[in-house]
Structures are given as structure tokens and as C-alpha cells.
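In what follows, a single structure is set out as C-alpha cells and then discussed.
Residues: numbered from 1 along the sequence shown. One-based numbering, in listed order, for ligands and for the atoms of each.
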Amino acid sequence: MSDKRMDLKSRIDPARLPGHVAIIMDGNGRWAKQRGKPRTFGHHNGVTSVREAAETAAELGIKYLTLYAFSTENWNRPKLETDALMSLLLKTIHKETKTLNKNNIRLNAIGNLQSLPPLTRKMLEKAMNNTAGNDRMTLTLALSYSARWELLDAVKKIGKRIGEGELDADDIDQSVFEASLQTHGMPDPELLIRTSGEYRISNFLLWQIAYSELYFSPKFWPDFRKDDLYEALIDYQNRERRFGKISEQIKAD
Ligand code: FPP
């Protein structure tokens, strides 16, 4: 391990790690363009960063890592690109299932999985079943996901339960609502990272990030490495999370 990396890692307090880190992986297209290559070249190189982020998070003891891999809006991209992304996903999931099992990582997915091409969906479901017993870390891919879709979907589910007389509208509280979200059973992310120097949420986990710390990295996703994740975690640990209280109350708690 290089001195710089050792130094960064040693600055992370293992007792105060976030339980859940979410990442908006952005900048694959621009990374490729800078190199005079097609956008798909960026996506292919982004896989290395996915692997490294998962490995680093698991090694540190982070229990949940959620990656925004494909948004509902991404379907509006040229078909050539969406086809390439879907086939890259299929291949990567197929190739990586063994490594996930070796590292005791469970694969999970959130989003409108019905809208994925049948083969990609099948491979995804197979990998999720194959890794279902792993409990070191849950790696969730947000695929054909958008938070507004998820929120509307939750409202529909709750509406149906009310219509069927199973639930009273007055009994809807945060836990009832959360149970209808795609992320049910998962803690909210304490840290949300976005790469590529853009300062946007882009319809990602709108309910769940109510109190998340936001970290923006200038690096394009294919350049995002272990050290960059360490730096994001160090930055997170230097913040004071107040949840609406004042600083003195937090210190007294
Ligand atoms: C954002 O860059 C990236 C994506 C929309 C796709 C992310 C996919 C991967 C990293 C590859 C496969 C992933 C997995 C989980 C195996 P962009 O295309 O929006 O870049 P731009 O903003 O520069 O155009």
C-alpha cells in the first residue's frame, strides 16, 4: 500500500463509518470524450470504479452501498447507448457474481426492473438469488430508477391497501410509507456522493436523503478510486450532523 493511501485510510475512524453510502456515478461520457472515444468506452471503464468502490466499502465494514447505475430518464438516450449499457450490465453481473460471493456481498436492485430487457433482468435476478445469503455488505444497483417513480409507486401501493380496507389513511406514518419504498428494510444513506463536478440530485433517493451529508467530487466516475472514497469518508467524519438540533445539544448527547 502506498504511503498516501495508508495515510488516508488511517485517518478514517472505523467506529464512525456511515452504515449506508449512496453514489451518483457521473461523468463516464465526458471522460470518454476527453479521450476522443465513444461514450460507451467511459461506461466500460466505469466498471473498474464500481468494483473498486464495492471492494473498498466492504473492506471498511460499510453495510450498504447503493449505486445509481441507470435512471428512468436515461431511457431517453440514443438506443445504441442504452443497449450498450444494458449489455454491459448483463456481462458485468454475470462475471462478478463469483467475486461477490467470495467477498460475502449480497447483490440487490431497486427501480422499475420490469422495464429492463428480459435477459438483463433474468441475469440480475439470478445473481440476486445466488448472493441472497451473503451478509457482509449489500450492494444495491439503482436500475431504471427514479425517486419520483418510487414515491408514486409507494403512493399507489398504499392507495390499494386503503381501497381494500387493509389500511386506514390515518395510520399512514413514516414507517408505513418507508415499507412501501423500494429501499424498505435499508437504513437511509448517511452519505451521498456525486462525481463529475455536478451539483445535482437528479431524482435519486429523494425521500431517503432527507438528512444525508452530500459530497461532490470533481473526478469523472472512471477516475474515482479507493483514495477518493477514503477522502469522501474523511470529509464526512469531519462534519457535525445536527438533525435540526443545535450544536450544544449534539455535544451533550
Ligand atoms: C453516468 O455517466 C453513468 C451512467 C449513466 C451509467 C453508469 C454505469 C456504469 C458505471 C457501468 C456499469 C455499472 C454497473 C453497476 C456494473 P454519464 O454517461 O451520465 O456521463 P456524462 O455526464 O459525462 O455524459
Side-chain angles (χ1 to χ4, degrees), residues 21-58 64-100 103 105-113 115-117 119-128 130-131 137-147 149 182 192-205 216-226 228-229:
V21 175
I23 307 182
I24 302 174
M25 310 182 286
D26 194 18
N28 292 353
R30 279 164 286 161
W31 184 90
K33 198 172 174 196
Q34 271 185 349
R35 286 158 180 79
K37 302 272 192 189
R39 297 175 53 81
T40 47
F41 181 70
H43 299 318
H44 277 92
N45 282 275
V47 175
T48 309
S49 305
V50 169
R51 206 180 289 124
E52 201 153 311
E55 192 185 295
T56 310
Y64 292 89
L65 177 68
T66 300
L67 305 176
Y68 203 1
F70 195 86
S71 74
T72 312
E73 291 75 22
N74 284 153
W75 288 117
N76 298 323
R77 292 190 176 188
K79 189 165 179 324
L80 207 68
E81 183 172 342
T82 58
D83 283 351
L85 266 167
M86 287 303 136
S87 92
L88 178 63
L89 267 165
L90 189 148
K91 270 192 225 145
T92 308
I93 293 166
H94 177 61
K95 226 174 96 190
E96 300 293 334
T97 308
K98 242 195 224 155
T99 317
L100 290 173
N103 289 287
I105 298 172
R106 180 169 80 96
L107 184 70
N108 179 38
I110 56 172
N112 186 5
L113 306 185
S115 66
L116 298 176
L119 272 181
T120 305
R121 192 175 150 199
K122 242 190 205 159
M123 186 56 75
L124 183 66
E125 281 167 356
K126 199 171 145 197
M128 288 197 289
N130 276 338
T131 60
M137 183 179 85
T138 299
L139 171 64
T140 301
L141 302 181
L143 289 168
S144 198
Y145 172 91
S146 82
W149 169 83
Q182 297 278 304
L192 172 69
I193 298 170
R194 181 175 188 139
T195 60
S196 93
E198 303 283 357
Y199 302 95
R200 279 192 295 278
I201 301 299
S202 300
N203 217 344
F204 192 41
L205 302 176
F216 298 96
S217 164
K219 294 230 176 133
F220 291 142
W221 178 249
D223 284 332
F224 196 81
R225 287 283 161 272
K226 224 174 187 133
D228 300 302
L229 186 53

When only distance counts, is [X] in polar contact with ligand 1, meaning an N/O pair under 3.5 Å?
| X | value |
| --- | --- |
| Arg30 | yes |
| Arg39 | yes |
| Thr92 | no |

Using a 4.0 Å heavy-atom threshold (strictly under), name the region of [X] that reaches ligand 1: side chain, backbone, both or neither.
| X | answer |
| --- | --- |
| Leu141 | side chain |
| Trp31 | neither |
| Glu198 | neither |
| Gln34 | neither |
| Leu88 | side chain |

4.5 Å side-chain heavy-atom contact, His43 and Pro222: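 Sidechains of Pro222 and His43: no contact.
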Euclidean distance, Met128 CE relative to Leu141 CG, rounded to 0.5 Å: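 Going from the CG atom of Leu141 to the CE atom of Met128 covers 9.0 Å.
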Nearest-0.5 Å distance that lies between atom CG in Leu205 and atom CG in Leu192: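 Output value for this atom pair is 7.5 Å.
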Whether Trp75 and Phe70 hold their rings parallel, tilted or perpendicular, with breakpoints at 30° and 60°: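 Plane angle over 60°, so perpendicular.
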Residue-ligand contact Ser196/ligand 1, heavy atom below 4.0 Å: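 Contact check Ser196 vs ligand 1: negative.
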Cation-pi geometry met for Arg35 and Trp31 (6.0 Å, 45°):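 Cation-pi check for Arg35 and Trp31: passes.
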Nearest-contact summary for atom 9 (C) of ligand 1 - protein heavy atom, Å: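 Ranking protein heavy atoms by distance from atom 9 (C) of ligand 1, first comes Asn28 ND2, 3.8 Å.
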Closest protein heavy atom to atom 5 (C) of ligand 1, given as residue, atom name and distance to 0.1 Å: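 Looking only at protein heavy atoms, the one closest to atom 5 (C) of ligand 1 is Asn74 OD1, 3.7 Å.
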